Amino acid sequence: MNYKLFNESLLDWYYEVRRDLPWRETSDPYKIWLSEVMLQQTQVKTVIPYYNKFIKKYPTLDSIANENSESLLKEWEGLGYYNRIRNFHEAVKEVQSTYQSEVPNQPETFFTLKGVGPYIGGAVQSIAFNHKIAAVDGNVLRVMTRLTEDSRDISKQKTISSIKAHIETFMPDDAGNFNQAMMELGATVCTPRAPKCITCPVQAHCESFKNNTVNLYPFKKKAKAKKELYFNVYLILNDQNEIYLYKETKDLLQGMYKFPKFDVDTNVETIEDKLHIELSQPQFLGEEKHIFTHKVWYMNIYVVHTTSTNDHFVPLNEVRELPMSVAMQKVYKYIDETI
DNA sequence: AATGCGTGGGT
DNA sequence: TACCCAAGCAT
């Protein structure tokens, strides 16, 4: 492969078709960094409204560093992978306290920050500061394995780091635009299904196109089946118009508020013991299914009344101020049927 | 190194 | 429908 010609063709194409995305209007490293965190495993279309909302509310690194973490989680609500905002918050606070609120223009330093891995590190350092580091995401893996007929498993970290090292042997000085061009090519031309090889600007350099093997790449081992879990979820109302909520403190949906949730075979007495309240007979409201990356929740939703109260009870008109997962929002919408 | 972590889009 | 996939990272 003639890398010089490849780079020229790719960049010429990119300058011509480049989409206007909100984070491409800025050279502020903080904003570029935020966009990359949001874009992790999340489609551009989904990110745009969240990015605009965050930039409006938190226009500077200091403004977000000074915000409290639960408010940030609330702003992030619905975007998923909630550890991203927790880690980003920790990272910007470190930049504020240790680096005088300046995003480090030095890869070794930047890579030490929470939530900054090989991709985000490479993307921010190349786009914001033009450091020559490859940003290898799913798009780039697809483009590269097809270009070179690479059959290795792209879900293995070893494969990714090897491809990253390969790219860094030929990527041009215009590192930020090169990285974005590779991703843009993967997103719009070298797509997972029905790639547009006929109009591909680097078709002449593509081994799998030449050998008609494009559909063999990239290779990835099949995902494990999702684990199916069955729960009863309770909307517990007291006579002061309050509802029982608790904050998840670990693992899945950490930091988000949830309604009490028990295995389907748990009886009311057990729930009363665990929650330290007395309950009336639960009334069945309906069922909801929620799909995560690696599990599926089947939820039976009940409403139940109590005369008790404790610290877990929140006034109904304040529930919407707390961060809640989409799964729990599906449950909460049944509240209308109880009033 | 393999697994856990959200949600929505697209076929 | 039931998948796969999306500008991946932490552990």
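All figures in this text were calculated on a predicted structure; none of them were measured in a lab.
Under 3.5 Å, the side chains of A/Glu288 and A/Tyr298 contain no donor-acceptor pair of N or O atoms. With hydrogens and angles left out, the side-chain atoms of A/Arg146 and A/Thr213 include no donor and acceptor closer than 3.5 Å.
Between A/Trp33 and A/Phe88, the ring planes lie perpendicular to each other; the angle is over 60°, past the 30° to 60° tilted range. Ring geometry for A/Phe170 against A/Phe6 counts as perpendicular: the plane angle is over 60°, on a 0 to 90° scale with 30° as the lower cut.
Between A/Lys158 and B/dA1, a side-chain N or O to OP1/OP2 separation shorter than 4.0 Å is absent. Between A/His290 and B/dT7 there is a side-chain polar atom (N or O) within less than 4.0 angstrom of OP1 or OP2.
For the C1' atoms, the distance from C/dC5 to B/dG6 is 14 Å, rounded to whole Å. On the P atoms, B/dT11 is 14 Å away from C/dA7, given to the nearest whole Å. To the nearest whole angstrom, the two P atoms, one in B/dT3 and one in C/dC4, are 16 Å apart. Atom name P, nucleotides B/dG8 and C/dC9: the rounded distance is 22 Å, in whole Å. The same atom, C1', is picked in B/dA1 and in C/dG8; the two are 16 Å apart, to the nearest Å.
A/Met38 places its CE atom 14 Å from the C1' atom of B/dT7, with the value rounded to the nearest Å. Following rounding to the nearest Å, A/Lys226 (NZ) and C/dT1 (P) show an atom-to-atom distance of 15 Å. Atom pair A/Tyr50:OH and B/dG8:C1' shows a separation of 10 Å (rounding to whole Å applied). In this structure, A/Lys250 places its NZ atom 10 Å from P of B/dC5, rounding to the nearest Å. Atom-to-atom, CG of A/Leu229 to P of B/dG4 comes out at 12 Å; the value is rounded to the nearest Å. Atom CG of A/Asn83 is separated from atom P of B/dT7 by 12 Å (rounded to the nearest Å). Rounded to an integer number of Å, the gap from A/Ile291 CD1 to B/dC5 P is 16 Å.
Among residues two or more places apart in sequence or in another chain, the side chain to side chain donor-acceptor pair (under 3.5 Å) test is passed with A/Thr26 by none.
Without hydrogens or angle criteria, A/Asn238 side chain to A/Ile243 main chain gives no donor-acceptor distance under 3.5 Å. Side-chain atoms of A/Ser126 come within 3.5 Å of backbone N or O of A/Ala123 as a donor-acceptor pair.
Nearest-nucleotide assignment on DNA chain B puts the 5′-proximal partner with A/Lys156, out of A/Lys156 and A/His294. With the nearest nucleotide of DNA chain B identified for both A/Lys224 and A/Ser325, A/Lys224 has the one nearer the 5' end.
Counting only heavy atoms from C-beta on, A/Phe292 has its side chain closest to B/dT7 among B/dA2, B/dT7, B/dC5.
Using a 4.0 Å heavy-atom distance criterion, A/Leu253 is classed as a sugar-phosphate-only contact. In this structure, A/Asn179 reaches neither bases nor backbone, as no heavy-atom distance under 4.0 Å exists between it and the strands shown.
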Which protein N or O atoms sit under 3.5 Å from an N or O of nucleotides 2-4 of chain C?
none

Margin query: One character per nucleotide, please: for nucleotides 6-11 of chain C, 5' to 3', B when the base has a protein heavy atom closer than 4.0 Å, S when only the sugar-phosphate does, - otherwise.
Written below: BBBSS-

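Taking 4.0 Å as the cut-off between side-chain N and carboxylate O, A/Glu90 and A/Arg86 do not count as a salt-bridged pair. Taking 4.0 Å as the cut-off between side-chain N and carboxylate O, A/Asp153 and A/Lys220 do not count as a salt-bridged pair. Ion pairing between a basic and an acidic side chain is recognised when a charged N comes within 4.0 Å of a carboxylate O; A/Glu184 and A/Arg24 show such pairing.
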